[in-house]
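Inspection log for the structure reproduced underneath, given as structure tokens.
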Amino acid sequence: MRIATWNVNSIRARHDRIGAWLDRSDVDVLAIQELKCKDSQFPEELFTERGYEVSYHGLNQWNGVAIASRVGLADTEIGFEDIPAFGSEEPVVEARALSVTCNDVRIYSLYVPNGRELDHPHYAYKLDWYKALTADIAAQLSAEPEKKLVLCGDFNVAPLDEDVWDMAEFEGATHISDAERAAFDDLLGAGLSEVTRQFTPGPGVYTFWDYQKLRFPKKQGMRIDFQLASQALAKTATAGEIDREERKGKGASDHAPVIVDYDV
DNA sequence: ATGGCCTCACTTTGAGGA
């Protein structure tokens with residue numbers, strides 16, 4: 001079973017590139033983040049024409065998550081237990097989490113909040129979001145230790161110093177702070193292993209390159225997109241890759257697809 | 001040439017991204 005995660009940065013702007021990528025990537029399941037559209041604008045035919053079922057959740061021009069599968073797709077859940085809301089006036093639960101079951105594997109598509117600045121309310125929201133997600137996953141794996149489950153997504157944390165091109169550039173910035181890295185580690189502590197790094201070792205290996213300042217040609221990126229699998233699933237991982245070819249050329253997303261093959 | 005972006009919307013500037 002071949003599973004990919006990809007922050008596409010607008011499913012409408014990326015429509016043709018996503019179709020071409022599906023045609024050549026041979027993935028069974030694709031977890032998508034940053035749809036940047038509401039449900040009524042979602043291009044279902046992009047997936048159904050290729051034999052994929054698809055579940056999606058988009059509220060407006062921000063965020064949005066989906067999962068497409070050609071090996072079955074059941075029990076769609078939007079959000080997770082006690083998912084935090086954001087906003088001071090009228091807090092809103094954003095479209096950042098969706099899960100489905102494909103071929104007996106519970107699969108999540110997650111778009112973790114960015115955090116913006118260390119002293120911004122969005123940063124506290126990001127940490128709260130991690131905490132609630134960790135509690136939900138820990139409860140599931142505690143109740144069912146052999147459950148096959150994988151969190152796919154844009155985690156908006158660079159767990160290691162080598163996951164950014166220059167730590168000096170990130171002094172005082174989000175994505176590399178101790179609290180964010182601790183939140184990511186705590187999530188792993190719920191019973192998950194990050195399965196992509198073993199197949200794509202660094203340094204200098206990234207999943208995101210900013211559109212600005214020629215970050216991609218200069219090889220200045222960040223590793224922030226991952227697959228976190230429960231032990232029962234992680235032990236079946238046989239191969240993985242970051243498709244940085246997909247970052248090339250006009251009209252690319254700023255994130256590359258991250259693919260893992262599981263022997264299930 | 002020593003800086004260089006992209007997407008969306010009640011667009012023609014501002015917000016958000018990371």
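Scope of the values below: all heavy atoms of this structure, side chains included, with no hydrogens, waters or symmetry mates. Residue numbering restarts at 1 for every chain, and letters A, B, ... go by the order of the sequence lines.
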Is it the case that one hydrophobic cluster holds both A:V195 and A:V205, taking links as side-chain heavy atoms less than 4.5 Å apart, direct or via other members?
-> no
Scan [X] against the nucleic acid and name what it touches under 4.0 Å (heavy atoms): base, sugar-phosphate only, or nothing.
| X | result |
| --- | --- |
| A:F208 | sugar-phosphate |
| A:F216 | nothing |
| A:D225 | nothing |
| A:N63 | nothing |
| A:K250 | nothing |

Rounded interatomic separation in angstrom, taking [atom1] from [X] and [atom2] from [N]:
| X | N | atom1 | atom2 | value |
| --- | --- | --- | --- | --- |
| A:L214 | B:dG3 | CG | P | 12 Å |
| A:M222 | B:dG17 | CE | P | 13 Å |
| A:Q220 | B:dC5 | CD | P | 15 Å |
| A:D163 | B:dA18 | CG | P | 16 Å |

Considering only the [atom1] atoms, how many Å lie between [N] and [M], rounded to the nearest integer?
| N | M | atom1 | value |
| --- | --- | --- | --- |
| B:dT2 | B:dC6 | C1' | 23 Å |
| B:dT12 | B:dA1 | P | 39 Å |
| B:dG14 | B:dG3 | P | 25 Å |
| B:dG4 | B:dG16 | P | 23 Å |
| B:dA15 | B:dT11 | C1' | 12 Å |

So A:H255 and A:F208, would you call those rings parallel, tilted or perpendicular, with 30° and 60° as cut-offs?
-> tilted
Comparing nearest nucleotides in DNA chain B, the 5'-proximal residue of the pair A:N7, A:Q212 is A:Q212
5' priority, DNA chain B, between A:K218 and A:E34 [closest heavy atom] | A:K218
If only atom types and distance count, is the side chain of A:R96 paired as donor or acceptor with the main-chain N or O of A:Y111 below 3.5 Å?
-> yes
For A:R14 and A:V8, indicate whether the former's side chain and the latter's backbone hold a donor-acceptor pair under 3.5 Å.
-> yes
Phosphate OP1/OP2 of B:dG17: any A:H255 side-chain N/O under 4.0 Å | no
Contact letters for nucleotides 6-16 of chain B, in which S counts primed atoms plus P, OP1 and OP2 and B counts the base, heavy atoms under 4.0 Å = SSSS-----BB
Is it true that A:R24 and A:E246 have a side-chain N and a carboxylate O under 4.0 angstrom from each other?
-> yes
Supply the members, apart from A:L118, of the Ile/Leu/Val/Met/Phe/Trp/Tyr cluster built from side-chain contacts under 4.5 Å; use none for a lone residue.
-> A:Y123, A:L127
Over all heavy atoms of both residues, which pair between A:D104 and A:K148 is shortest? Give the atoms and the distance, please.
-> O-CB, 3.9 Å
